[in-house]
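Okay, structure first, notes after.
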Amino acid sequence: MAEEVVTFHRQSKNTLRVLIKGDWNISFGLQNPSRFLAHLKSNPETSHVELNASQLGRWDSSLVSYVVALNALVREHQLALNLSQLPEGIVRLVALAEAVPERVGVAKRGIKPDLVETVGQYAINLYSQFMAFVTFFGEAILSIGRMFKGKAVFRRQDFGIFLQDAGPASLGIVTIISVLMGMILAFVGAVQLEKFGASIYVASLVGLAMAREMAAMMTAIIMSGRTGAAYAAQLGSMQVNEEVDALKTMGVSPVDFLVLPRMLALVLMMPLLTVYANLMGILGGALVSITMLDLTWSMYIEQMIATVPLKHFLIGLFKSLIFGILVALSGCYMGMNSGRSASAVGQATTNAVVLGIVLIIVFDSIVTIVTTVLGV
Amino acid sequence: MKAHIRVRDLTMTYGDKLIQQNLSFDVNHNDIFIIMGGSGCGKSTLLKHMIGLYQPSEGEIFVDDNSLWHVAAQQRQQMMQHFGVSYQAGALVSSLTLLENVGMPLELYTKLLPKEVEELARLKLSMVGLAGFGDYYPSEISGGMLKRAALARAIALDPDILFFDEPSAGLDPISARLLDDLILELSASMKATIVIVTHELASIFAIGTNSVFLDVDTKTMLTTGNPNELLKSCDDERVQLFLRRGEVRKGDVANV
């Protein structure tokens, strides 16, 4: 700004006149009341302050902000302020801004917690979250009990939709990932085994790895990102819309109505998807073996049948069943305990996928250790 | 003086579904303009056409003689900067504090320093009676406070036109009244034109200076004018029924 928009004039010994002029617009920036303060300090006898806007042009909030700041300073120094020569609009806006003073104790105090407090709070949160998850798990088991007694209320159509979504609708992505997984395993194996002239063992490697570990685990991770996340988002938005509360008031258990069909659908579909993933993985391995290693279909299949016993396949199937429960539980748990805002639902979805994948890997490790110790 | 907003032969549709047709009315400078009508008649849709969110399927909307829709998107964006909008449920960004919510338009469209943005945002919050709540998140305050915070955000840039979608819906009568007073006070002191969608009769008569009445059956406007005068002199039964909360006019009882 070239021109001063505020000038100070001394009317009499005890009266300071503040002349406000020109155009005031927030795009010019805000005026700092420090010059006004300096004038007050240089003349301690000042007892009256008068604002005059006779040369004021267009104005907006930047002026209101300035007058409010002056007013606060004047009050602090216990002086009298005369606003009567300002346009009515400004006086009313200033009055509006000061009509409801800040209530004591409302403002949040920014006390930074120390390290001990932070760690303690974290531990308490972790514990209460763990307890909440265990409680949720318990409720889900009770709900399954009610289902067997025929007392659980949920809609058959919903169940059908969830089955469709967790099963056939996931075939595409499971196909791609499993075929590629089988190909990768075969490639890795081929590079090493060819050196020893043992390329036929690629079939054993692919069969064993897919049946026992990869088919179940990859399917579970896909389903965690696909269906587990969807469950968390669905239930989270239902929480936001108070749909969950509405179900409770209608006497319907939200766990029965919302969680049970989702969990059942995933638990039923996961082993089926795993069987399918096994087939696709073996197919992927065969493609590499036949094109790169000069094996034939029959050699590949016979080698696999001869060296991979059915028990590995059953272990994989058992794991997939548990993975289904874990993915459904973490998705539904995070959704049901979501906060009631858009960002909270996003957070719940993220947490559902993270928790799902962690649970899958942890459970898988446990099974691996136990079966190794038992020699299965 | 020329009208601030002129709507001419406006037809609104959702896909093939007709919402309203042949709407023509003027919103004058400093009007508190009420869009009224029964539920589902397209009041909020009309508002969203006027603020430049939905494109009319036919007709024109002029703001200060400039067409809102027959211009490049960038120009429309510039026109929209002079609008302040307060949505039905507040529509504050849930991941930001109230201070950040109110400060956002200032950050985006002015070159103010962060400290100045904060100062102005605090001023706007104190204008709507929320001094001290700047560090709260939208999920931590009540519905009435949410509406006032939304109002603070709407007035952040000192808009020429303020749009409200059902400002007092869901508020208790006292809060609704206080909000009405606040809107009146702001319109008088900021010299802004105000457009309000509402069916709160108390608000309509208390603050409205001009209005348009949309009908759900005929899918067009029935009348436009000052609601208090419509109550006295409008001959249309449907308008009278609405303005009298479904009670028949005394003079008409004999005819029934």
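Letters A, B, ... are given to chains in the order of the sequence lines, protein chains preceding strands, and every chain is numbered from 1. Scope of the values below: all heavy atoms of this structure, side chains included, with no hydrogens, waters or symmetry mates. The model shown is predicted, which means the values in this text are computed figures rather than measured ones.
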Quick one: do the B:S126 and A:E98 side chains pair a donor with an acceptor below 3.5 Å? no
Interchain contact, A:V64 with chain B, by part (heavy-atom threshold 4.5 Å): both
Could you tell me whether B:Q74 atom CD has more than 12 heavy atoms of other residues or ligands within 6.0 Å of it? no
Please find the pair of heavy atoms, one from B:L120 and one from A:I26, that lie closest to each other, and give the distance. CD1-CG2, 3.5 Å
Test salt bridge (Lys or Arg N to Asp or Glu O under 4.0 Å) applied to B:D135 - qualifying residues, sequence neighbours left out: none
In Å and rounded to the nearest 0.5 Å, what is the CZ to OG distance from B:R122 to A:S65? 12.0 Å
Return yes when atom CZ of A:R226 has more than 12 non-hydrogen atoms of other residues, nucleotides or ligands closer than 6.0 Å, and no otherwise. yes
Considering only distance and modelled atom types, tabulate donor-acceptor pairs under 3.5 Å from the side chains of residues 117-128 of chain A, sequence neighbours left out.
| unit_1 | atom_1 | unit_2 | atom_2 | d |
| --- | --- | --- | --- | --- |
| A:T118 | OG1 | A:D114 | O | 2.7 |
| A:S128 | OG | A:I124 | O | 3.4 |
| A:S128 | OG | A:N125 | O | 3.0 |

Would you say the side chain of B:L186 lies within less than 4.5 Å of the side chain of A:L93, judging by non-hydrogen atoms? yes
Okay, side chain of B:D158, backbone of A:S61: is any donor-acceptor separation there less than 3.5 Å? yes
Correct closest heavy-atom pair for B:E116 and A:L30 would be OE2-N, 3.1 Å
Contacting region of B:K191 [heavy-atom separation from chain A under 4.5 Å]: neither
Turns out that what part of B:L125 lies under 4.5 Å from chain A's heavy atoms comes down to neither
Taking side chain to side chain donor-acceptor pair (under 3.5 Å) as the test, write out the residues that go with B:T110, two or more places apart. none
Using non-hydrogen atoms and a limit below 4.5 Å, what part of residues 337-347 of chain A faces chain B? A:S341, A:A342, A:S343
Where on B:Y136 is there a heavy atom nearer than 4.5 Å to chain A: the side chain, the backbone, both, or neither? both
Hey, is CZ on A:F133 packed in by over 12 heavy atoms from elsewhere, all under 6.0 Å? yes
